[in-house]
Structure formats: C-alpha cells, structure tokens
Asker: 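There's a structure below that I have some questions on.
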Amino acid sequence: MMTELKRVCVLGAGIVGMTTALMLKEKHAEVDVTVIADKFEQDTLSDVAAGIFRPSTSFKGPTPEITKQWLVDAYHHYKAIQDSKEAAEAGVQEVSGYVLSSKHPEVTKNQFLEGLLPVYRPADELELKICPGNWKYGAFFTTLVIESRYHLPWLRKKFEMLGGKIMKKTIDSFNDVNDYDLVMNCTGFGAKKLCLDHDLVPIRGQVFKVKAPWVKMFFYGDYDTYIIPGIDYVTLGGCRQYDSFKQEVDKYDSASIWERCVELLPNLESAEIVKEVAGLRPHRTPVRVEREAIVTSGGKHLQIVHQYGHGGYGVTTAPGTAKYAVKLAEDVLGGQRSKVHAKL
C-alpha cells in the first residue's frame, strides 16, 4: 500500500491515457493524478475510431503470453461495463456481424478472438450470400463496440469524481514534467517526437461517419473494407497507409471507401454523410509498455512508464495495457529502483 502522497502525471488524454489515469486513481485514491494533454475528447485520435473490439492477428506485445493477457483483460473490462447500468453512458454495446473474403481464408480467422468471444464461428453457405459478391470464406462473431464519443467523457467524469485533475498544456520534453514522482507516457503518435522513437510509425486511416440507423450489424470485406454501426453513426472505412503522415482527407481514398462499402452493403447508397475524418494510427512493434528512468536537464532522476504504439487498436486494448502499466507504476511508487539512463 502506498501511504505517502505521490504525484503522478499521465501524458495524453486519448482512451489509453484516460483509462490508465482512472484505473490508477481507482486503485490508489491517495495518489495525486493529473492528466496533461493538448487535445481532449472529440479532438483526439480515439474519437475517429469505430471502436470495435477486433484486434489484428499481428498485434504484438513483448511476449505472446503478455499480448494474450492484455486482450483478455481488455475484453472482460469492457464486458463488465456493457453488463452494467452504466453501459449506455459509457458507450459500450454488443454487436454481431461478419468478416468476409473472396480470396484468403486467413482473413476470417483470429487467434485472439476465437477462444475469447461468446460466438466466433465459420459462416455457412447461405450467410456467404448475405452481401453481394463472390465470397468464399467468412466468419460470424459477436463482440463489443466502445464508442469514444461517449466513453471518453464518461472516463473523464469518473476520474474527476475521484479527485483526478485535468490540465490542458503542450508538453515538448520530459523536462516540462520533472516535478512529478512518475510520468505515465500515453502520448500515442506524439511519442515519436517526445521519445525520439524511430520504431513508432504512422499508419494513416480515413473513414466516413454516416447516418444509417437501419445498419445493425458490422461487415468486413477484402481490402480493408469495413462497415461498423455505432450509437449515432455508422463508420465506413477504410485504408491502412504505412508511413504516411498525411492528415487531410484524400478525395481518392474517399471515392474508393465509398465504392467498396456500397458494393458490400448496397443500401448505404442512401446514407447521409455526416463527416469524413482522417488520422494517423501510432504503430509500433512491439507495443511499448515498459519502465524507464531518465535524468532531466535539471539533474532530476525522472521515472517514466511508457504506454504507446497501439496502432489502430488503442480502443481495443487500452484496459489491458493500462492494467499492465498501472502494475509497473505501482512498482515505481512502491519504492523499487530502476536503472537510470542519462537523457535529454
């Protein structure tokens, strides 16, 4: 038990940062926790995400065992919310649908989900005909959608009710936060500059948000095509452009996404387009969740727990990596010492 008052700052207010801050504050009410970020809620990358719990088969933590544990912990965390009276306010709901492919059976398999979700099975011959196209392989499964438009304000409300603090500020260097006992670095793609991390690369994505209340199931097709219903909007995507820094909406991607999604589900032709958004997924292999100690320019030994590089799976995995990061934070705040590396 950490009885002495400790001061912790969480850098980043996306779903990874806010989940981590709340989890730490819930476990340790005596710790002074401040979330510091220059963007909040609808301005974060998390707000762009459809938020479906469907990690890539290539998602990778430091070991296969830890990777699996992150996903198991994350799913059960969200499932407990979905089963609670707070599900609607938190923006967590159950949804079912199909992943289809005309070329590759591997597209329809997912080693992380097949033993975790309540339903994950091959699609039968009739189901392969639900959507137009020459679909040869398919899977049906039931999972969760976590909508950040609701979930981020809910996390912030719960965090502040416990005494957590919020500060809007741009952090250019760890020197800016050297008056804290511990820094939780949840800066997403911002970590590329903050940590000079060359292993962190952008994977550009772009989506439509449309009004199509008749769409109740999700559909995935070939070429990164997906249709995911949310509470207010349906998300149509997408693209996955490795090492692209372009943050503006691209008209050629727009045309491609719209054509592919309407081919997959023709009744989308009459959907009302609310907006188009693009963003840079912070991709790193493996995802970085680890401790580091540095020496700031003022000579202070600063303890850091890094937690970034989730790619397009920040919403999916946030509770799992947050639980792991909070354990690392407890080790630091509990007085354990780590090797100090000169930096900055």
Side-chain angles (χ1 to χ4, degrees), residues 5-25 28 31-49 148 152-153 155-156 159-160 162-202 245 247 279-284 287-311 314-315 318 321-322 324-326 328-329 332-333 338 340-344:
L5 181 65
K6 302 286 188 180
R7 297 184 70 239
V8 177
C9 76
V10 178
L11 300 182
I15 205 154
V16 173
M18 289 306 304
T19 301
T20 302
L22 177 59
M23 201 172 285
L24 180 60
K25 195 64 180 168
H28 300 284
V31 175
D32 186 313
V33 184
T34 302
V35 173
I36 302 176
D38 60 347
K39 295 179 180 179
F40 291 89
E41 296 174 8
Q42 71 271 14
D43 295 325
T44 67
L45 180 67
S46 298
D47 191 67
V48 178
S148 294
L152 282 172
L155 289 170
R156 179 170 178 167
F159 175 65
E160 291 184 318
L162 292 173
K165 302 171 186 175
I166 299 287
M167 182 186 301
K168 186 168 185 177
K169 183 180 179 182
T170 299
I171 301 299
D172 297 315
S173 162
F174 288 119
N175 291 320
D176 298 339
V177 288
N178 66 3
D179 53 339
Y180 290 89
D181 297 303
L182 172 67
V183 175
M184 307 285 283
N185 176 24
C186 306
T187 52
F189 193 63
K192 186 168 185 67
K193 178 181 177 183
L194 189 62
C195 302
L196 300 177
D197 190 340
H198 301 297
D199 293 329
L200 184 64
V201 296
F245 285 80
Q247 293 184 274
L280 306 181
R281 306 173 178 104
H283 175 76
R284 190 180 190 276
V287 179
R288 189 182 189 192
V289 188
E290 63 184 14
R291 291 171 56 184
E292 184 182 18
I294 66 171
V295 178
T296 68
S297 60
K300 178 179 176 179
H301 291 187
L302 181 64
Q303 297 284 342
I304 303 171
V305 172
H306 297 288
Q307 190 191 173
Y308 64 83
H310 299 67
V315 175
T321 61
Y324 188 87
V326 166
L328 296 179
V332 173
L333 297 174
S338 64
V340 175
H341 303 283
K343 189 174 180 180
L344 296 176

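Since the structure is predicted, the reported quantities are computational estimates derived from the model, not experimental observations. Scope of the values below: all heavy atoms of this structure, side chains included, with no hydrogens, waters or symmetry mates.
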Asker: If you apply the rule side chain to side chain contact (heavy atoms under 4.5 Å, CB included), what do you find for Leu280 with Gln247, and how did you get there?
Answerer: CA-CA 7 Å; Leu280 306 181; Gln247 293 184 274; 3.7 Å; yes
Asker: With Asp38, which residues qualify under side chain to side chain contact (heavy atoms under 4.5 Å, CB included), at least two apart?
Answerer: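 In terms of side chain to side chain contact (heavy atoms under 4.5 Å, CB included), with neighbours along the sequence ignored, Asp38 is linked to Thr170.
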Asker: What's the shortest heavy-atom distance between Val35 and Gly12, and which atoms?
Answerer: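 Scanning both residues, the minimum pair turns out to be CG1-O, 3.8 Å.
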Asker: Provide the closest heavy-atom pair for Ala329 versus Met184 in the form atom of the first, atom of the second, distance.
Answerer: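 In terms of heavy atoms, the two residues are closest at CB-SD, 3.8 Å.
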Asker: Nearest 0.5 Å, please: how far is CG in Leu194 from CD1 in Ile304?
Answerer: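 So the CD1 of Ile304 and the CG of Leu194 are separated by 7.5 Å.
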Asker: Return the set of residues passing side chain to side chain donor-acceptor pair (under 3.5 Å) with Thr19 (not counting sequence neighbours), or none when no residue passes.
Answerer: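 Per chain and number, Thr19 pairs via side chain to side chain donor-acceptor pair (under 3.5 Å) with no residue.
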Asker: What residues, two or more places apart in sequence or in another chain, satisfy side chain to side chain donor-acceptor pair (under 3.5 Å) together with Glu290?
Answerer: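 Glu290 satisfies side chain to side chain donor-acceptor pair (under 3.5 Å) with Arg288 once adjacent residues are dropped.
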Asker: Do Leu45 and Phe189 have side chains that approach each other closer than 4.5 Å (heavy atoms only, starting at C-beta)?
Answerer: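 A side-chain contact is absent here, since even the closest heavy-atom pair is not under 4.5 Å.
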Asker: Work out which heavy atom in Pro282 is nearest to a heavy atom in Gly188; give both atom names and the distance.
Answerer: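 Pro282 and Gly188 have their closest heavy atoms at CB-C, 3.7 Å.
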Asker: At what distance, to the nearest 0.5 angstrom, does CG of Leu22 lie from CD of Glu160?
Answerer: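 Interatomic distance, Leu22 CG to Glu160 CD, rounded to 0.5 Å: 11.0 Å.
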Asker: To the nearest 0.5 Å, what is the distance between CD (Gln303) and CG (Leu328)?
Answerer: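 CG of Leu328 is found 11.5 Å from CD of Gln303.
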Asker: In chain order, what residues pass the side chain to side chain contact (heavy atoms under 4.5 Å, CB included) check against Pro153, with sequence neighbours excluded?
Answerer: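 Glu41.
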Asker: Any heavy-atom pair between the side chains of Tyr308 and Asn185 that's under 4.5 Å?
Answerer: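 Asn185 reaches Tyr308 side chain to side chain.
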Asker: Which atom pair, heavy atoms only, marks the closest approach of Val177 to Val183?
Answerer: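 Smallest heavy-atom distance, with atoms named: CG2-CG2, 3.7 Å.
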Asker: Give a yes or no on whether the backbone of Ala322 and the side-chain of Gln307 come within a donor-acceptor separation of less than 3.5 Å.
Answerer: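 Between the backbone of Ala322 and the side chain of Gln307 there is a qualifying donor-acceptor contact (under 3.5 Å).
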Asker: How would you list, by chain and number, every residue that makes a ring pair (Phe, Tyr, Trp, His ring centres under 6.0 Å) with Phe159, sequence neighbours excluded?
Answerer: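 So Phe159 forms no ring pair (Phe, Tyr, Trp, His ring centres under 6.0 Å) with any residue.
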Asker: Determine yes or no for a side-chain-to-main-chain donor-acceptor pair under 3.5 angstrom, with Lys39 supplying the side chain and Gly14 the backbone.
Answerer: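 Flag not set: sc Lys39 to bb Gly14 has no pair under 3.5 Å.
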Asker: Rounded to the nearest 0.5 Å, what separation is found between the CE atom of Met167 and the CG atom of Leu11?
Answerer: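 Answer rounded to 0.5 Å: 10.5 Å.
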Asker: Can you find a pair of side-chain heavy atoms, one from Ile15 and one from Leu152, that are under 4.5 Å apart?
Answerer: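 Heavy-atom side-chain distance check passes, below 4.5 Å.
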Asker: Evaluate the side-chain proximity of Tyr180 to Ile36: yes if any heavy-atom separation is below 4.5 Å, no if none is.
Answerer: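 Answer yes - side chains close enough.
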Asker: To the nearest 0.5 Å, what is the distance between CG (Leu200) and OG1 (Thr187)?
Answerer: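 These two atoms lie 8.0 Å from each other.
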Asker: Does any part of the side chain of Thr20, heavy atoms only, come nearer than 4.5 Å to the side chain of Val305, both counted from C-beta?
Answerer: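 Not in contact.
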Asker: Answer yes or no: is there a donor N or O on one side and an acceptor on the other, between the side chain of Asn178 and the main chain of Thr296, under 3.5 Å?
Answerer: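 Not confirmed, Asn178 side chain does not pair with Thr296 backbone.
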Asker: Would the distance check show the side chain of Lys192 and the main-chain N or O of Val201 forming a donor-acceptor pair, the cut-off being under 3.5 Å?
Answerer: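 Flag not set: sc Lys192 to bb Val201 has no pair under 3.5 Å.
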Asker: Sequence neighbours left out, what passes side chain to side chain contact (heavy atoms under 4.5 Å, CB included) with Ala49? Give chain and number order.
Answerer: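 Residues passing side chain to side chain contact (heavy atoms under 4.5 Å, CB included) with Ala49: Val315.
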Asker: Taking all non-hydrogen atoms of both residues into account, name the closest pair between Cys186 and Gly17 and its distance.
Answerer: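 So the minimum-distance heavy-atom pair works out to CB-CA, 3.6 Å.
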Asker: Kindly give the heavy-atom pair with the smallest separation between Arg7 and Asp179, and that separation in Å.
Answerer: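 Heavy-atom minimum between the residues: NH1-O, 2.8 Å.
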Asker: What residues, two or more places apart in sequence or in another chain, satisfy side chain to side chain donor-acceptor pair (under 3.5 Å) together with Ser148?
Answerer: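 Residues passing side chain to side chain donor-acceptor pair (under 3.5 Å) with Ser148: none at all.
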Asker: Enumerate the salt bridge (charged side-chain N to carboxylate O under 4.0 Å, His left out) contacts for residues 164-173, please, sequence neighbours excluded, ordered by first and then second residue.
Answerer: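 Sorted pair list: Asp32-Lys165.
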Asker: Taking only residues two or more places apart in sequence or in another chain, which ones pass side chain to side chain donor-acceptor pair (under 3.5 Å) with Asp47?
Answerer: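 Asp47: no side chain to side chain donor-acceptor pair (under 3.5 Å) contacts found.
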Asker: Could you check whether any side-chain heavy atom of Leu182 comes within less than 4.5 Å of a side-chain heavy atom of Lys6, counting everything from C-beta outward?
Answerer: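 Of all side-chain heavy-atom pairs linking Lys6 with Leu182, none is under 4.5 Å.
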